[in-house]
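If you're wondering where the values come from, they're calculated on a predicted model, not measured in any experiment.
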Amino acid sequence: TAPSQRPLTMTAKLIDMQPADLAARLRKGRAVVVDIREPGEFAQRHIKGALSRPLSAFEQAHLKVEPGADVVFTCRSGMRTNANRERLAATVDGTAYVLAGGLDASAAAGLPVAENVTPPAIDIMRQVHIVAGALILGGVILGAQVNPGFFVLSGFVGAALIFAGVSGFCLMAKLLGLAPWNRGAA
């Protein structure tokens, strides 16, 4: 196959970066922080200057970064970025970074953090946990007391949570994001 006809492969490699290293790169203007949390979470608290590119619509976000800038992916604690390394790496050509410990570690290290001073809303993932738990519990109770067919509801919600964990796409989070109390924060 001729070189121009070979399929494109991403050469991205994600390397862990400590908050102190990020602070130094930000001072020099060499880093672009990409926060992959949902809009409501980002609106409540984020590293100053970070770009919001929610994981639920990450591939549609069209990440554009100046040449020579280091891309540093982050979330609240580092768990989401670590769980989605391959997906994030596929959007960057070259070396990129994952912020070790996420926003929490950055704030603890003294990096500037933008915070919404309004009373904190329940972040979208906690809302998903509440709704999913209520649906599962309701399905179990109705299945035991009314009709065994209601157990299907619990099974469906459980399967949807597994799919969300594996794929990074949570339909319930998308739907909850459309609720009026969440649209104001985004």
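- Under the side chain to side chain donor-acceptor pair (under 3.5 Å) criterion, R85 pairs with D16, N82, not counting sequence neighbours.
- For F42, the ring-ring contact (aromatic ring centres under 6.0 Å, His included) criterion is met by H46, not counting sequence neighbours.
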Please report, to 0.1 Å, the donor-acceptor pairs under 3.5 Å made by any side chain of residues 155-173, with sequence neighbours excluded.
{"residue": "S167", "atom": "OG", "partner": "F163", "partner atom": "O", "Å": "2.8"}
{"residue": "S167", "atom": "OG", "partner": "F169", "partner atom": "N", "Å": "3.1"}

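- Contact record, S56 with E38: OG-OE1, 2.8 Å, taken as the closest heavy-atom pair.
- Annotation: salt bridge (charged side-chain N to carboxylate O under 4.0 Å, His left out) contacts of E41 (sequence neighbours excluded): R80.
- Under the side-chain contact (heavy atoms from CB on, under 4.5 Å) criterion, R87 pairs with L55, F58, E59, N84, sequence neighbours left out.
- Not counting sequence neighbours, the partners of D104 by the salt bridge (charged side-chain N to carboxylate O under 4.0 Å, His left out) test are R45, R76.
- Under the salt bridge (charged side-chain N to carboxylate O under 4.0 Å, His left out) criterion, D21 pairs with no residue, sequence neighbours left out.
- Pairs passing the side-chain hydrogen bond (donor to acceptor under 3.5 Å, both in side chains) check and including a residue from residues 27-36, sequence neighbours excluded, read R30-D70, D35-R37.
- Rounded to the nearest 0.5 Å, atoms CG (L176) and CG (D123) are 11.0 Å apart.
- Taking CD1 of I130 as the start and CD1 of I122 as the end, the distance is 4.5 Å to the nearest 0.5 Å.
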List, one per line, each side-chain donor-acceptor pair under 3.5 Å for residues 132-150, sequence neighbours excluded.
{"residue": "N147", "atom": "OD1", "partner": "G149", "partner atom": "N", "Å": "2.7"}

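- Grouped by direct or indirect side-chain proximity (heavy atoms under 4.5 Å, Ile/Leu/Val/Met/Phe/Trp/Tyr only), L99 sits with I15, M17, L22, L26, V33, I47, V72, Y97, L103, L111, V113.
- In this structure S154 satisfies the side chain to side chain donor-acceptor pair (under 3.5 Å) test with no other residue, sequence neighbours excluded.
- Contact between A100 and A105 at its shortest, heavy atoms only, is O-CB, 3.6 Å.
- Each salt bridge (Lys or Arg N to Asp or Glu O under 4.0 Å) pair with one or both residues in residues 149-164, not counting sequence neighbours, would appear here, but there are none.
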